[in-house]
Amino acid sequence: MRNHPDTPRRFQLVLIKPSHYDDDGYVIRWWRAMIPSNSLAAIYSIAADCAERQVLGPDIAIDIDVIDETNTRVDIPRLLARFEQNANYGMVALVGVQSNQYPRALDIARPFRAKQVPVVIGGFHVSGCLSMLDGHAVGLDDCRDLGIAMFAGEAEGRFDEVLRHAATGELAPVYNFLSDLPAMEDTPVPVLPKRYVARTLGLSSSFDAGRGCPYQCSFCTIINVQGRKSRHRSADDIEALVRRNWAQGISKFFITDDNFARNRDWEAIFDRLIKLREVDGIPLGLMIQVDTLCHRIPNFVAKSKRAGVTRVFIGLENVNPENLTAAKKRQNKISEYRRMLLDWRAQGIMTLAGYILGFPADTPETIRRDIAIIQRELPVDILEFFCLTPLPGSEDHQVLWRNGVAMDADLNRYDVEHVCTAHPRMERSEWEAIYQEAWSLYYTPAHMKTLLRRAAASGVPMTSLIKVLTVFATTVRVENVHPLQGGVLRLRHPTELRPGLPQQNAWLFWPRFIAQTLYKHMVIGRTIVQLLLMQRAIRRDPHAAEYMDQALTPVRDDDDATLDLLNKTTGADAARAHARRVAVLSGTAAA
Ligand code: B12
Ligand code: SF4
């Protein structure tokens with residue numbers, strides 16, 4: 001059916017954030033995903049602003065549909081029918097597409113392109129590749145072949161143009177704004193309508209208060225896409241965003257800045273959030289991401305607490321100085337780790353730390369040793385393991401690509417959970433095995449009990465820790481995906497199988513799915529019961545508040561020679577000697 005020429009035209013804008021395929025080839029999708037995607041919220045708000053400003057003309061409405069594939073099935077036949085009814089007047093936007101999501105994004109795009117529906121793709125894969133490679137690698141020519149327009153850079157201030165081109169059938173093959181990153185002040189703030197947020201757990205949302213990071217870690221893609229200069233939203237914008245969410249009953253947020261401590265306006269933003277919380281009574285609950293030196297910024301930790309931060313993610317990455325130097329992560333000083341973690345703990349804030357496996361000095365033995373040292377000596381709550389991955393867009397990837405070093409050809413595996421290239425000291429199979437083993441080494445019942453005892457002694461809410469421990473202790477074991485891609489009740493559908501893989505018989509598919517689901521929930525249920533019993537025992541212990549161990553011991557000397565952390569890790573001696581030299585030269589220690 002075609003629109004009658006007299007009826008106002010309605011541009012159909014479908015925003016899809018693709019998921020990716022699991023090891024069995026099925027799309028990773030949940031009944032409830034963890035948290036709504038900030039990339040999707042950002043593009044939704046930019047698009048809604050375009051609709052309000054009627055950028056396609058005064059009589060043309062823009063209908064916006066939002067699909068986050070981690071919690072909603074992309075019903076391609078239904079969407080195709082909708083485009084057909086509207087004479088293909090519209091556009092599919094593949095939003096925030098990471099490298100591991102790129103193959104799935106293309107699979108979603110194919111049927112739309114076959115019917116000539118305009119498709120545009122944006123996100124870190126396209127931006128990272130166009131920033132660091134030759135404009136064709138890795139897989140970008142597939143977009144050209146399919147007629148998918150590629151968008152590199154950030155959509156703020158640029159989406160009008162893309163919409164107009166799609167409406168007139170004049171989309172360019174490539175939009176590249178990487179050399180002209182927009183300022184963030186006064187741009188539409190990322191807010192998703194509640195009906196989409198409700199498809200995730202716990203009615204919390206997310207926003208980016210800023211972009212860009214000053215550091216230069218070689219495995220990082222962010223600095224090559226969003227730059228090294230801090231760009232940020234204003235405190236007024238943040239207040240508007242919080243109020244719009246609060247009007248929908250949402251007051252918990254993940255601030256997605258890679259490093260909020262290096263947001264140049266962190267203090268003004270925190271001060272505004274403190275006012276919203278303490279004066280206006282909005283019950284803010286925040287999670288932020290920071291670096292390991294944030295505790296040295298005056299007031300940062302204390303103001304985090306007052307602004308409502310309850311969880312902080314820290315890019316610890318590794319405890320071996322040799323590895324940190326190899327990754328150009330020289331800002332991470334292992335001698336500071338304990339002081340920093342104890343500062344957060346003193347505020348009753350839960351700490352989550354990223355830990356990368358597969359740096360050059362790592363072997364299965366050193367990784368086992370390091371996890372034991374962390375359990376004993378570092379007062380961190382949650383450890384998240386990742387495999388060092390040459391992510392397209394990073395310096396590491398660029399170097400390997402230029403030197404013609406073999407890397408995995410399947411982009412679906414670039415999810416920092418799979419091994420994608422060779423290691424100097426570990427076979428691929430050893431690296432894969434130690435990644436799996438690391439989770440079970442850290443999340444033993446004994447260590448989880450210690451974590452709960454530390455929480456009880458330092459004011460970190462135990463119930464909250466139990467929720468997080470359940471996710472981190474079970475997701476890899478039960479679902480074989482990283483907790484950061486996790487959710488509640490894994491769903492699968494035969495139509496979501498990766499093209500080229502053999503379809504299972506429905507009589508086998510559904511009984512197997514039900515049996516697996518029951519088994520998984522039994523394992524998860526058992527872990528929850530175990531943790532709740534531990535909590536009950538600790539609550540009944542009259543001495544729980546006095547609990548003390550090596551990790552909780554206050555730092556007296558940054559150069560404490562009794563710690564294995566500063567003695568046994570690879571490169572520790574050289575790092576300590578260097579730190580002593582710096583201290584002597586800067587006059588903070590005697591020669
Ligand atoms: C926060 C975050 C998360 C959160 C997401 C929570 C949330 N609410 O969004 C969590 C912790 C869950 C997460 C998980 C993962 N993440 Co993550 N994450 C980030 C982080 C730090 C910020 C994302 C963000 O909000 N950016 C701001 C948005 C607005 O930027 P954007 O997506 O690029 O979108 C802009 C432009 O690209 C463009 N654009 C985007 N789409 C489109 C579409 C069109 C049509 C147009 C015109 C423009 C356009 O306009 C947007 C607005 O300016 C990024 C790094 C970063 N700085 O972006 C990593 C990052 C995206 N994550 C990454 C990875 C690998 C993952 C995981 C696979 C890790 C894992 N194994 O669990 C999972 C995948 C989960 C999933 N299903 O998506 C990588 C991807 C690298 C790559 N080359 O692919 C990144 C880049 C970090 C890194 N290590 O380098 N992540
Ligand atoms: S500190 Fe984080 S965001 Fe900054 S360069 Fe290193 S990995 Fe990237």
Side-chain angles (χ1 to χ4, degrees), residues 13 15-20 28 33-43 45-47 68-70 91-102 119-129 149-159 161-163 166 175 177 181-182 184 187 190 200 204-208 210-226 228 253-259 261-262 287 289-292 313 315 317 327-329 331-332 354 356 384 386-387 389 391-394 397 411 414-418 481-487:
L13 177 60
L15 308 178
I16 304 176
K17 166 89 179 127
S19 179
H20 80 135
I28 300 172
M34 282 298 169
I35 194 161
S37 155
N38 177 52
S39 309
L40 203 49
I43 297 290
S45 294
I46 293 168
D68 182 343
E69 204 186 21
T70 63
M91 168 180 123
V92 171
L94 296 165
V95 175
V97 179
Q98 305 172 3
S99 300
N100 66 87
Q101 297 157 351
Y102 188 69
V119 179
V120 185
I121 187 171
F124 258 68
H125 184 68
V126 167
S127 291
C129 290
M150 290 182 265
F151 184 97
E154 296 171 11
E156 286 82 359
R158 276 76 195 242
F159 209 65
E161 181 184 341
V162 175
L163 286 179
Y175 295 84
F177 295 104
L181 296 173
M184 293 178 76
T187 58
T200 56
S204 53
S205 198
S206 55
F207 64 86
D208 50 341
R211 297 178 192 156
C213 174
Y215 296 123
Q216 275 181 289
C217 310
S218 66
F219 55 82
C220 181
T221 61
I222 292 143
I223 40 180
N224 304 318
V225 172
Q226 297 182 334
R228 291 182 55 210
F253 300 96
F254 175 13
I255 304 184
T256 63
D257 300 31
D258 299 278
N259 193 345
R262 304 299 147 190
M287 167 149 170
Q289 310 197 99
V290 296
D291 60 58
T292 54
F313 177 86
E317 322 301 17
K328 293 199 191 164
K329 193 133 194 160
Q331 71 273 21
N332 275 22
I356 300 179
E384 305 181 11
F386 301 99
C387 291
T389 305
L391 287 170
S394 65
H397 179 274
L411 285 170
Y414 285 69
D415 55 2
V416 292
E417 297 164 48
H418 288 88
V481 297
H482 198 280
L484 294 188
Q485 304 200 63

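This is a predicted model, so every value here is computed, not measured. We use all heavy atoms of the structure for the numbers below, so side chains are in, but hydrogens, waters and symmetry mates are not. Order of appearance sets the numbers: ligands from 1, and atoms from 1 within every ligand.
Contact analysis puts Glu417 in contact with ligand 1, with a non-hydrogen atom separation below 4.0 angstrom. Look at Gln289 and you'll find a heavy atom under 4.0 Å from some atom of ligand 1. Under a 4.0 Å heavy-atom criterion, Arg228 is not in contact with ligand 2. Ser127 does not count as a contact of ligand 1, since none of its heavy atoms falls under 4.0 Å from the ligand. Heavy-atom separations between Arg158 and ligand 1 are all 4.0 Å or longer. For Gly153, the heavy-atom gap to ligand 1 drops under 4.0 angstrom. Heavy atoms of Met34 stay at 4.0 angstrom or farther from ligand 1. Ligand 1 is approached by Arg211 to a heavy-atom distance shorter than 4.0 Å.
The atoms of ligand 1 that sit less than 4.0 Å from any heavy atom of His482 are 71 (N), 72 (O). Interface atoms of ligand 2 facing Gln331, defined by a heavy-atom separation under 4.0 Å, are 1 (S). Proximity to Thr70 (heavy-atom distance under 4.0 Å) selects the following atoms of ligand 1: 77 (N). Close approach of ligand 1 to Pro36 (heavy-atom distance below 4.0 Å) involves ligand atoms 7 (C), 8 (N), 9 (O). Taking every non-hydrogen atom of Pro392 and a distance limit under 4.0 Å, the qualifying atoms of ligand 1 come out as 83 (N). For ligand 1, the atoms closer than 4.0 angstrom to any heavy atom of Asn100 are 68 (C). The atoms of ligand 1 that sit less than 4.0 Å from any heavy atom of Phe151 are 46 (C), 47 (C), 48 (C). Less than 4.0 angstrom separates some heavy atom of Gly123 from each of these atoms of ligand 1: 37 (O), 39 (N), 40 (C), 41 (N). The distance from ligand 1 to the heavy atoms of Leu94 drops below 4.0 Å at these ligand atoms: 43 (C).
Taking only nitrogen or oxygen atoms, main chain and side chain alike, Ile35 does not reach within less than 3.5 Å of ligand 1. Any N or O atom pair closer than 3.5 Å counts here, and Glu156 shares at least one such pair with ligand 1. The shortest N or O to N or O distance between Val95 and ligand 1 is not below 3.5 Å. For ligand 1, one of its N or O atoms has an N or O atom of Thr221 under 3.5 Å away.
The closest protein non-hydrogen atom to atom 42 (C) of ligand 1 is Gly122 CA, 3.4 Å. Looking from atom 51 (C) of ligand 1 to the surrounding protein, the closest heavy atom is Ile43 CD1, 3.8 Å. At the top of the distance list for atom 25 (O) of ligand 1, counting protein heavy atoms only, stands Asn38 ND2, 2.7 Å. For atom 66 (C) of ligand 1, the closest non-hydrogen atom on the protein side is Gln98 OE1, 3.4 Å.
Using a 4.0 Å cut-off between charged side-chain N and carboxylate O, Asp257 and Arg211 make no salt bridge.
Here Arg262 has no heavy atoms under 4.0 Å from ligand 2, in either its backbone or its side chain. Neither the backbone nor the side chain of His20 comes within 4.0 Å of ligand 1, counting heavy atoms alone.
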Test side-chain hydrogen bond (donor to acceptor under 3.5 Å, both in side chains) applied to Gln101 and Lys17, step by step: CA-CA 9 Å; Gln101 297 157 351; Lys17 166 89 179 127; 3.0 Å; yes

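The count of protein N, O or S atoms under 2.8 Å from atom 8 (Fe) of ligand 2 stands at 1, with waters excluded from the count.
Relative orientation of the Phe253 and Phe207 rings is perpendicular, given thresholds of 30° and 60° on the angle between their planes.
A donor-acceptor contact shorter than 3.5 Å is absent between the side chain of Glu69 and the backbone of Pro18.
Residues meeting the side-chain contact (heavy atoms from CB on, under 4.5 Å) test with Thr256, sequence neighbours left out: Asn38, Ser206, Asp208, Phe254.
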